[in-house]
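What follows is a single structure, written as structure tokens, with notes after it.
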Amino acid sequence: MVTISELFASLVEREAAISRRILERVPEGRAEWKPHEKSMPLGYLATLVATMPGWVAMMVGEDSLDLNPPGGGGYKPRAANTAPERLAAHEEAVRGALDALRGTSDAHLATPWRLLVAGQVVAEAPRGDMIADTMTHLAHHRGQLSVYLRLNGALVPSLYGPSADDRSFG
């Protein structure tokens with residue numbers, strides 16, 4: 001019988017390969033570019049995609065995250081401004097996620113995890129549900145990143161199937 005933590009570890013590994021392909025294509029020197037004034041900058045989005053797997057380790061190891069804690073601070077992804085830095089940050093995040101998942105139990109994944117803003121709970125669910133949401137959230141941001149690549153003339157890799165630039169199935 002496969003455990004939930006084993007299923008998540010397998011998912012993290014599969015998604016890591018997809019993220020790696022798109023992170024390799026992010027154009028250098030365009031960190032501040034964004035398609036619209038309300039959009040996040042390309043560099044921030046690429047760093048977000050690179051580091052999001054690290055959220056899994058946080059959800060396994062911590063009981064909550066406050067995005068804007070009273071007194072300041074909060075979650076800030078480590079700066080990753082070049083392709084090698086982004087890929088290194090991604091590998092570190094994936095290793096952390098896999099280590100956390102391989103060291104936890106399904107019973108622990110059923111315990112609550114909370115997302116807070118300024119001390120107020122904005123989301124609470126079992127850790128496993130939050131991890132599943134994080135993985136779909138990652139896919140969403142990779143989709144955004146693929147559009148950013150297209151608009152910057154970069155080749156879009158195969159993600160879940162062929163793209164106009166890469167006819168392979170990954």
Side-chain angles (χ1 to χ4, degrees), residues 1-26 31 40 42-67 69 73-116 121-146 148-149 154 156-163 166 168-170:
M1 179 82 94
V2 175
T3 66
I4 295 169
S5 57
E6 289 170 333
L7 284 173
F8 278 136
S10 177
L11 177 63
V12 166
E13 288 174 329
R14 288 190 315 273
E15 294 295 312
I18 296 167
S19 292
R20 209 173 288 116
R21 285 197 298 274
I22 200 160
L23 291 168
E24 290 169 345
R25 304 279 179 97
V26 174
M40 66 179 81
L42 173 59
Y44 181 83
L45 178 60
T47 298
L48 185 61
V49 168
T51 59
M52 278 183 76
W55 296 6
V56 173
M58 178 182 44
M59 289 173 183
V60 171
E62 304 292 331
D63 291 329
S64 64
L65 169 67
D66 195 326
L67 295 174
Y75 175 80
K76 302 253 185 308
R78 125 182 168 190
N81 299 315
T82 66
E85 289 174 348
R86 280 188 297 275
L87 290 169
H90 180 64
E91 294 309 318
E92 180 182 322
V94 168
R95 265 193 316 277
L98 293 173
D99 289 348
L101 289 166
R102 291 175 178 145
T104 196
S105 67
D106 288 357
H108 183 66
L109 293 179
T111 63
W113 190 85
R114 294 170 193 84
L115 180 65
L116 300 100
V121 176
V122 296
E124 181 175 349
R127 293 169 202 270
D129 291 359
M130 297 299 254
I131 290 169
D133 288 350
T134 294
M135 298 310 292
T136 56
H137 192 161
L138 173 59
H140 157 76
H141 284 306
R142 270 198 318 254
Q144 280 183 295
L145 188 53
S146 72
Y148 280 40
L149 293 185
V156 177
S158 167
L159 298 177
Y160 293 102
S163 77
D166 180 351
S168 73
F169 279 85

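Worth knowing before you read on, the calculation uses all heavy atoms, side chains too, and leaves out hydrogens, waters and symmetry mates. Everything numeric here is computed off the predicted structure, so don't read it as measured data.
- Note that the CZ atom of Arg142 and the NE2 atom of His137 stand 12.0 Å from one another [nearest 0.5 Å].
- The closest donor-acceptor contact from the side chain of Glu6 to the backbone of Thr3 lies under 3.5 Å.
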**Report entry** Worked check of side chain to side chain contact (heavy atoms under 4.5 Å, CB included) between Leu116 and Val122
**Finding:** CA-CA 5 Å; Leu116 300 100; Val122 296; 5.9 Å; no
Requested in this report: Decide yes or no on side chain to side chain contact (heavy atoms under 4.5 Å, CB included) for Leu48 and Met40, but give the supporting numbers first.
Outcome: CA-CA 10 Å; Leu48 185 61; Met40 66 179 81; 4.2 Å; yes
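- Closest approach of Phe169 and Gly161 over heavy atoms only: CD2-CA, 4.1 Å.
- Under the 3.5 Å distance criterion, the side-chain polar atoms of Glu85 are matched with a main-chain donor or acceptor of Asn81.
- The nearest pair of heavy atoms linking Gly128 to Phe8 is O-CZ, 3.2 Å.
- Across all non-hydrogen atoms, the minimal contact from Ala57 to Gly96 is CB-O, 3.5 Å.
- A donor-acceptor pair is defined here as one N or O able to donate and one able to accept, closer than 3.5 Å; such a pair exists between the side chain of Ser158 and the backbone of Ser168.
- Distance alone, capped at 3.5 Å, is enough to place a donor-acceptor pair between the Arg21 side chain and the Leu159 backbone.
- In terms of heavy atoms, Ala50 sits closest to Ala93 at O-CB, 3.9 Å.
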Report task. Let me see the working for Thr82 and Arg86 under side chain to side chain donor-acceptor pair (under 3.5 Å), right down to the final yes or no. Result -> CA-CA 6 Å; Thr82 66; Arg86 280 188 297 275; over 6 Å; no
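- Under the 3.5 Å distance criterion, the side-chain polar atoms of Trp113 are left unmatched by any main-chain donor or acceptor of Ala125.
- Looking only at distances, a side-chain donor or acceptor of Thr134 sits under 3.5 Å from a matching main-chain atom of Met130.
- Counting heavy atoms from C-beta outward, Asp166 and Val156 have side chains that stay 4.5 Å or more apart.
- Counting only distance, with no hydrogens or angles, the side chain of His90 and the backbone of Leu23 share no donor-acceptor pair below 3.5 Å.
- In summary, the side chains of Arg127 and Thr111 do present a donor paired with an acceptor at a separation below 3.5 Å, with no hydrogens or angles considered.
- In this structure, Glu15 CD and Ser19 OG are separated by 6.5 Å, a value rounded to the nearest 0.5 Å.
- A donor-acceptor contact shorter than 3.5 Å links the side chain of Thr136 to the backbone of Asp133.
- For the atom pair CG of Leu45 and CG of Leu145, the computed distance is 5.0 Å after rounding to the nearest 0.5 Å.
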Query raised in the report: Are Leu109 and Val60 close enough, and set up right, to give a side chain to side chain contact (heavy atoms under 4.5 Å, CB included), and what steps lead you there?
Result: CA-CA 7 Å; Leu109 293 179; Val60 171; 4.1 Å; yes
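- To the nearest 0.5 Å, atoms OG (Ser5) and CG (Leu98) are separated by 11.0 Å.
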Report task. Would you please test Gln144 and Leu42 for side chain to side chain contact (heavy atoms under 4.5 Å, CB included) and show each step? Result -> CA-CA 10 Å; Gln144 280 183 295; Leu42 173 59; over 6 Å; no
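- Closest heavy-atom contact between Pro126 and Ala110: CB-O, 3.7 Å.
- Between the CD atom in Glu92 and the CG atom in Leu87 there is a gap of 13.0 Å [rounded to 0.5 Å].
- Nearest approach of Val56 to Met135, heavy atoms of both residues: CG2-SD, 4.3 Å.
- Taken from CD1 in Ile18 to OG in Ser146, the straight-line distance is 12.0 Å, to the nearest 0.5 Å.
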